[in-house]
Amino acid sequence: MPAPDELRFRAAEPADAPAVAALHTGSWQRHYRGAFSDDFLDGGVAGFLLERWTTRLAAPDPLARTILAELVRGGADGDRTLAGMAHTVLDDDPAWGALLDNLHVVYGLKRSGVGTRLMSLTAQAVLADRPGSGLYLWVLEQNTSARAFYEARGGTCVESQEMQPPAGDPTRLNGRPKCLRYAWPDPARLIPP
């Protein structure tokens, strides 16, 4: 794991959209292969996600929180590289609470603690604004490494459903992939003592 003074966390800004979209694209290309069509993953996904993140970050939703993890090399004013991101929507579901809509870590930094820190910061943000709220997410059933990560952090799989195609376009999916809802009724469990 990078030394603590090399890893910094901050709120996303509009200028971060291209880097966030590239990270998100790479994650989908690596982990959604087989569930999403190759045509979409190899062609349209980059533009689709760039448009989504440009829109999201240009006019931020007061209920959304997007946290970036950056590697900083060469001191506080050194080069910054996106290491991961988490995007959460407060009050998304009356029963389950806030939706952790996206959590992505650069592939080469997985298992280095970046995702765990992002989950902890997400839980802190949710509880700061919505004490008593739960936290949940959807994960593709075939993404066994992500499922193991969430289970190791106390997430419980509470239901399964068919994945909805991106932008409602069924040609972007292969068959009927399933996604699983993982929930943390008490997100404070994600925050280290």
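All values reported here derive from a predicted model rather than from experimental measurement.
- N143 contributes no side-chain N or O that, together with a main-chain N or O of L140, makes up a donor-acceptor pair within less than 3.5 Å.
- In this structure, L82 and R80 have side chains that are not in contact, with every pair of non-hydrogen atoms separated by 4.5 Å or more.
- Residues C179 and Q161 form a side-chain contact, since some pair of their non-hydrogen atoms from C-beta on lies under 4.5 Å apart.
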* Asked: Step by step, would you call R65 with T122 a side-chain hydrogen bond (donor to acceptor under 3.5 Å, both in side chains)?
  -> CA-CA 8 Å; R65 308 290 181 269; T122 294; over 6 Å; no
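- Ring pair Y136/W96 is tilted by interplanar angle, where 30° to 60° counts as tilted.
- By the rule that hydrophobic residues join a cluster once side-chain heavy atoms approach within less than 4.5 Å of another member, W53 and L99 end up as members of separate clusters.
- Figure legend: R172 and F48 shown as a cation-pi pair, the cationic atom lying under 6.0 angstrom from the six-membered ring centre and within 45 degrees of its axis.
- Ring orientation note: the planes of H31 and Y107 are tilted relative to one another, at an angle of 30° to 60°.
- Counting only heavy atoms from C-beta outward, the side chains of L135 and L100 approach each other to under 4.5 Å.
- Put simply, NZ on K178 and CE on M163 are 11.5 Å apart, with the number rounded to the nearest 0.5 Å.
- Distance alone, capped at 3.5 Å, places no donor-acceptor pair between the S27 side chain and the L23 backbone.
- Taking the six-membered ring where tryptophan is involved, the planes of F36 and W28 are perpendicular, since the angle between them exceeds 60° and thus also 30°.
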* Decide yes or no on side-chain hydrogen bond (donor to acceptor under 3.5 Å, both in side chains) for Y32 and Q142, but give the supporting numbers first. => CA-CA 8 Å; Y32 284 27; Q142 76 182 33; over 6 Å; no
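- When all heavy atoms are compared, the tightest approach of F149 to G115 is CZ-C, 3.5 Å.
- Under the 3.5 Å distance criterion, the side-chain polar atoms of R130 are left unmatched by any main-chain donor or acceptor of D91.
- Note on I67: it does not cluster hydrophobically with L127, by side-chain heavy-atom contacts below 4.5 Å among ILVMFWY residues.
- With values rounded to the nearest 0.5 angstrom, D101 atom CG is found 8.5 Å from T88 atom OG1.
- Shown here for N174 and P177, the closest heavy-atom pair between the two residues is O-CD, 3.4 Å.
- Considering only heavy atoms from C-beta on, P166 comes within 4.5 Å of L173 through its side chain.
- Looking at heavy atoms from C-beta onward, V20 lies in side-chain contact with L68 at the 4.5 angstrom threshold.
- Taking CZ of R181 as the start and OH of Y150 as the end, the distance is 14.5 Å to the nearest 0.5 Å.
- The minimum heavy-atom distance linking A83 with V114 is given by the pair O-CG1, 4.2 Å.
- You'll find the side chain of M85 reaches within 4.5 Å of the side chain of T66, heavy atoms only.
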* Under the side-chain hydrogen bond (donor to acceptor under 3.5 Å, both in side chains) rule, what do R52 and N102 come out as? Steps first, then yes or no, please. => CA-CA 12 Å; R52 172 184 279 183; N102 294 105; 5.1 Å; no
* To do: Please assess S37 against D39 for the test side-chain hydrogen bond (donor to acceptor under 3.5 Å, both in side chains), listing each intermediate value before the final yes or no.
  => CA-CA 5 Å; S37 73; D39 285 345; 5.5 Å; no
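- Residues L137 and L63 are members of one and the same hydrophobic cluster, defined by side-chain heavy-atom contacts under 4.5 angstrom among Ile, Leu, Val, Met, Phe, Trp and Tyr.
- In this structure, L190 is a member of the same hydrophobic cluster as L90, with clusters built from ILVMFWY side-chain heavy atoms closer than 4.5 Å.
- In this structure, T25 and A46 approach most closely via the heavy-atom pair OG1-CA, 3.6 Å.
- With a 4.5 Å cut-off on side-chain heavy atoms, R33 and D42 count as touching.
- Pairing each heavy atom of P187 with each of P185, the nearest pair is CD-O, 3.5 Å.
- Under a 3.5 Å cut-off, the side chain of Q29 and the backbone N or O of L41 do form a donor-acceptor pair.
- A 4.5 Å side-chain heavy-atom check between P60 and R56 finds every atom pair outside the cut-off.
- Tested against E70 for a salt bridge (charged side-chain N to carboxylate O under 4.0 Å, His left out), the candidates R8, R117, R10 yield a single pass: R10.
- Residue-environment remark: CD (E51) stays at or below the threshold of 12 foreign heavy atoms within 6.0 Å.
- Heavy-atom minimum distance, V139 versus A146: CG2-CB, 3.8 Å.
- How far OG of S133 is from CH2 of W184: 13.0 Å, rounded to the nearest 0.5 Å.
- Here the CZ atom belonging to R153 is positioned 11.0 Å from the OG atom belonging to S120, to the nearest 0.5 angstrom.
- Note: M119 CE to I191 CD1 = 10.5 Å, rounded to the nearest 0.5 Å.
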* To do: Please assess V72 against D79 for the test side chain to side chain contact (heavy atoms under 4.5 Å, CB included), listing each intermediate value before the final yes or no.
  => CA-CA 6 Å; V72 181; D79 293 330; over 6 Å; no
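- Tracing side-chain contacts under 4.5 Å through hydrophobic residues (I, L, V, M, F, W, Y), one never reaches W138 starting from L49; they form parts of separate clusters.
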